[in-house]
Amino acid sequence: MDFFFKPEPGGFPDNILRVQPDILPPGSIRIDEVWINGHKYTDFDAEALTIKLPTDQTEIKIRVRIIPADIDFDADLMEVTDGVAKINMAGSLEPSMLKYFKEELEKAHAVKGVVLNMEDLKSISDEGLRYLAFYKQKAGGNFSITISGAQGAVKEAIEQSELNEEVSLV
């Protein structure tokens, strides 16, 4: 679930925004991602549900993604520009999490390509790789998939699966 805030600069003690919903028990959720003025922001405490607000901006628009504490994967359709969808991925894409990835891809219907930002993806299962190959085939020869930021085990898995022959790996 995403929450949106527009705090006044200097309006919070110690410039700390607390985002814990009162209705949920402590420890049941955590912050997954934060964007300030549309840019990814990393100065937050996921478990404490707090965000250190920047002091160098006159207007702040904050988007906070809250997820259950036990979820280890997240995919988010960030934007569609000129017929290309950008999806951020984080965590571990295991078979049990594949449905969430599919949901985000389905939101990007009628596009000519997708850019998958895997900078924060820690691992990807064989099922996830097979689904990407299937999705590319189903979309047709003019459809493009670009994978950006893949590193470590994720990049190695893509290369070993030979998916990098079907997609652009940047």
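For the single chain, residues carry numbers from 1 onward in sequence order.
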Are there more than 12 heavy atoms of other residues, nucleotides or ligands under 6.0 Å from atom [atom1] of [X]?
X	atom1	value
F4	CZ	yes
Y131	OH	yes
K102	NZ	yes

Does [X] share a hydrophobic cluster with [Y], counting links as ILVMFWY side-chain heavy atoms below 4.5 Å and allowing steps through other members?
X	Y	answer
F73	I87	yes
M97	L163	yes
I67	F3	no
Y41	M1	yes
I29	I62	yes

For this session: Could you list all the salt bridge (charged side-chain N to carboxylate O under 4.0 Å, His left out) pairs where at least one residue sits in residues 121-142, not counting sequence neighbours?
Result: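 The answer is E127-R130.
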
Problem set entry | salt bridge (charged side-chain N to carboxylate O under 4.0 Å, His left out): pairs with one or both residues in residues 161-170, sequence neighbours excluded |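 Matches after skipping sequence neighbours: none remain.
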
Could you tabulate the donor-acceptor pairs under 3.5 Å formed by side-chain atoms of residues 151-158, not counting sequence neighbours?
{"from": "Q151", "atom 1": "NE2", "to": "E119", "atom 2": "O", "distance (Å)": "3.1"}
{"from": "E156", "atom 1": "OE2", "to": "Q160", "atom 2": "NE2", "distance (Å)": "3.3"}

Side chains of [X] and [Y]: does their closest heavy-atom pair fall under 4.5 Å?
X	Y	value
V34	T42	no
L132	L116	yes
I147	N164	no

Exercise. Does the Y100 side chain pair with the main chain of L93, one donor and one acceptor, at a distance under 3.5 Å?
Worked result: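 It does not hold such a pair.
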
For this session: Please name all residues satisfying side chain to side chain donor-acceptor pair (under 3.5 Å) with Q57, sequence neighbours left out, ordered by chain then number.
Result: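 Once residues adjacent in sequence are excluded, the partners of Q57 under the side chain to side chain donor-acceptor pair (under 3.5 Å) criterion are N37.
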
For this session: Starting at CG of L53, measure out to CG of D43 and round the result to the nearest 0.5 Å.
Result: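 Separation between the atoms: 9.0 Å.
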
Exercise. How long is the gap from CG on L129 to CD1 on I124, to the nearest 0.5 Å?
Worked result: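 So the CG of L129 and the CD1 of I124 are separated by 4.0 Å.
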
My understanding is that only residues two or more places apart in sequence, or in another chain, count here; which of them pass side chain to side chain contact (heavy atoms under 4.5 Å, CB included) with [X]?
X	answer
A85	L77, V80, A108, V111, V114
D74	D32, E33, R65
E94	S92, S96, S123, S125
A69	none

For this session: Take L49 and I66, measure what side chain to side chain contact (heavy atoms under 4.5 Å, CB included) needs, and give me the verdict at the end.
Result: CA-CA 9 Å; L49 298 164; I66 304 294; 4.1 Å; yes

Exercise. What residues join V115 in its hydrophobic cluster, counting side-chain heavy atom gaps under 4.5 Å, either direct or through other members?
Worked result: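 Joined to V115, directly or through intermediates: V84.
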
Exercise. Hey, what else clusters with M78 if you join Ile, Leu, Val, Met, Phe, Trp, Tyr whenever side-chain heavy atoms sit under 4.5 Å?
Worked result: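 The other cluster members (ILVMFWY side chains, heavy atoms under 4.5 Å, direct or chained) are W35.
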
Exercise. So which pairs with a foot in residues 78-89 pass side-chain hydrogen bond (donor to acceptor under 3.5 Å, both in side chains), sequence neighbours left out?
Worked result: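 Every pair satisfying side-chain hydrogen bond (donor to acceptor under 3.5 Å, both in side chains) with a residue in residues 78-89: N88-N117.
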
Taking only distance into account, with no hydrogens and no angle test, what donor-acceptor pairs under 3.5 Å do side-chain atoms of residues 5-22 form with protein atoms, sequence neighbours excluded?
{"from": "R18", "atom 1": "NH1", "to": "I16", "atom 2": "O", "distance (Å)": "3.4"}
{"from": "Q20", "atom 1": "NE2", "to": "L24", "atom 2": "O", "distance (Å)": "3.1"}

